[in-house]
Protein chains: 2
Amino acid sequence: MTKRGEEIQRQVLAVLRQSSTPLSAYDLLDHLWDSHPKIAAPTVYRALAALTGRGSIHRLESLNAYMACQCGSHPHDSILSICGDCGSVGEQVSPDVLEILSGLAQASGFTPDRHVIEVHGVCGICTGGAGAA
Amino acid sequence: MTKRGEEIQRQVLAVLRQSSTPLSAYDLLDHLWDSHPKIAAPTVYRALAALTGRGSIHRLESLNAYMACQCGSHPHDSILSICGDCGSVGEQVSPDVLEILSGLAQASGFTPDRHVIEVHGVCGICTGGAGAA
DNA sequence: AAATGCAATGTTATAACGTAACAAGTACTG
DNA sequence: CAGTACTTGTTACGTTATAACATTGCATTT
Ligand SMILES: [Zn+2]
Ligand SMILES: [Zn+2]
Ligand SMILES: [Zn+2]
Ligand SMILES: [Zn+2]
């Protein structure tokens, strides 16, 4: 996985970092075609899998899209707040929340492994700036 | 003429209630074909939209699947714990967690509207009974 | 170096999920 | 009945994701 794969991954990560909103796998595919003419879907999905596995990017389950990690990279789950107006996504890290959720689950015998926490709403900019109050 | 839509919705709900795991829209479509030969995808999606809107069922964003509400029906968001082993899903209601999540989001100016909380892991039965050691 | 074997990558095809757009039916109104 | 508004059916397509297999690159052995 040394040569080509890493280059694709770097490019995917770069595109996601430059985007103000999450991008779908096929959005990324379009971008890649600028520099790599014949990339196909599985190539992008492989890069996305590697990057998510490493924590460099996060998948938005409720959007079927991907975003760069805003903390750079981290091993834990985070809380994503998705603006339904402008599409921007904020990332929060809160061990406390994960702790509480894990506790809740464990109370019913469940052993948590991964937390998906996505909050839909309207971001501060859209609330204050343009949206109706 | 009773509305056809309501009948489909009742059947979808019944199938979901009898299932021990979430079902995809196309799984449901298969079931419906037993009694309604020519149902098409949009019909199922309309029924699912009506049922989710009413809170009778929940969509699992990280699974692209649907489950019956285990509380019968409610207006608030719930916490779903998904067993990666047997596929069963547990539902917890915790206003406190929603409160905390909303607080977190609001601290950065975000106005929450809907919470997606899905915990992946292994359920008590699979942990204790047969699954892992 | 040539042969071997394995893992990464490329390629094709198709599966799975979801919706737009319009046609047809139904129920009410005047 | 004709007109209207709404619901349901149907077709077709768009989007998201993966299975399966071919090919390439590179290290290890001989
Ligand atoms: Zn992150
Ligand atoms: Zn916004
Ligand atoms: Zn419920
Ligand atoms: Zn289980």
Side-chain angles (χ1 to χ4, degrees), chain A residues 1-13 15-16 19 21-54 56-67 82 84 87 89 114 116 118 120, chain B residues 1-13 15-16 19 21-54 57-67 80 82 84 87 89 114 116 118 120:
Chain A
M1 61 112 160
T2 19
K3 280 187 335 197
R4 177 85 155 164
E6 282 182 5
E7 189 197 340
I8 302 283
Q9 289 174 33
R10 269 194 303 274
Q11 256 186 279
V12 165
L13 186 53
V15 172
L16 283 176
S19 174
T21 59
L23 299 175
S24 77
Y26 281 79
D27 290 339
L28 290 163
L29 198 46
D30 283 344
H31 277 95
L32 288 179
W33 279 339
D34 294 346
S35 46
H36 300 279
K38 281 284 295 179
I39 295 280
T43 300
V44 172
Y45 281 100
R46 288 199 267 245
L48 290 170
L51 290 165
T52 51
R54 183 187 314 156
S56 304
I57 68 175
H58 303 301
R59 172 177 162 82
L60 291 130
E61 297 289 350
S62 56
L63 255 42
N64 292 341
Y66 303 81
M67 63 182 285
I82 302 161
V89 178
R114 169 185 168 232
V116 174
E118 299 177 7
H120 291 251
Chain B
M1 274 310 245
T2 48
K3 291 188 203 168
R4 181 77 188 282
E6 284 182 2
E7 189 197 340
I8 304 284
Q9 288 173 35
R10 271 193 303 274
Q11 257 185 280
V12 166
L13 187 52
V15 172
L16 284 177
S19 174
T21 58
L23 299 175
S24 76
Y26 281 78
D27 290 338
L28 289 164
L29 197 47
D30 284 343
H31 277 96
L32 288 178
W33 280 337
D34 293 346
S35 48
H36 299 280
K38 287 277 297 179
I39 296 281
T43 300
V44 172
Y45 281 100
R46 288 198 267 244
L48 290 170
L51 289 164
T52 50
R54 182 188 314 156
I57 68 175
H58 303 303
R59 173 178 161 82
L60 290 129
E61 298 289 352
S62 55
L63 256 40
N64 291 343
Y66 303 82
M67 62 180 286
L80 304 172
I82 301 161
V89 179
R114 168 185 169 234
V116 174
E118 299 178 8
H120 291 250

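Sequence lines set the chain letters: A, B, ... in the order given, protein chains first and strands last, and positions in each chain run from 1.
B/Glu61 places its CD atom 12 Å from the P atom of D/dA17, with the value rounded to the nearest Å. Rounded to whole Å, the distance from CG on A/Leu60 to P on D/dT16 is 13 Å. In this structure, the CG atom of A/Asn64 is 10 Å from the C1' atom of C/dG18, given to the nearest Å. Rounded to a whole Å, the CD atom of A/Gln11 is 14 Å from the P atom of C/dT9.
For A/His120, the NE2 atom counts as densely surrounded, since its 6.0 Å shell holds more than 12 non-hydrogen atoms of other residues, nucleotides or ligands.
Between B/Ala65 and B/Arg46, the residue anchored closer to the 5' end of DNA chain C is B/Ala65, taking for each the nucleotide with the nearest heavy atom.
Taking 4.5 Å as the limit, some side-chain heavy atom of A/Trp33 sits within range of a side-chain heavy atom of A/Ile39. Side chains of A/Arg59 and A/Leu48 form no contact here, defined as non-hydrogen atoms less than 4.5 Å apart.
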Determine, stepwise, if the pair B/Tyr26 / B/Asp30 fulfils side-chain contact (heavy atoms from CB on, under 4.5 Å). CA-CA 6 Å; B/Tyr26 281 78; B/Asp30 284 343; 5.8 Å; no
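With hydrogens and angles ignored, no donor-acceptor pair closer than 3.5 Å exists between the side chain of A/Arg4 and the base of D/dG25.
Judged purely by atom type and a 3.5 angstrom limit, B/Glu118 uses its side chain to pair as donor or acceptor with the backbone of B/Glu61. For B/Ser19 (side chain) and B/Pro22 (main-chain N/O), no donor-acceptor pair under 3.5 Å exists by modelled atom type.
Put simply, A/Arg59 has a side-chain N or O that comes within less than 4.0 Å of OP1 or OP2 on D/dA17. The side chain of A/Tyr45 places no N or O atom within less than 4.0 Å of a non-bridging phosphate oxygen (OP1 or OP2) of D/dT18.
Interface residues of residues 24-42 of chain A facing DNA chain C, ordered by number: A/Lys38, A/Ala40, A/Pro42; criterion, heavy-atom separation under 4.0 Å.
If you check C/dG18, D/dT16, C/dG10 against the side chain of A/Thr43, the one that comes closest is C/dG10.
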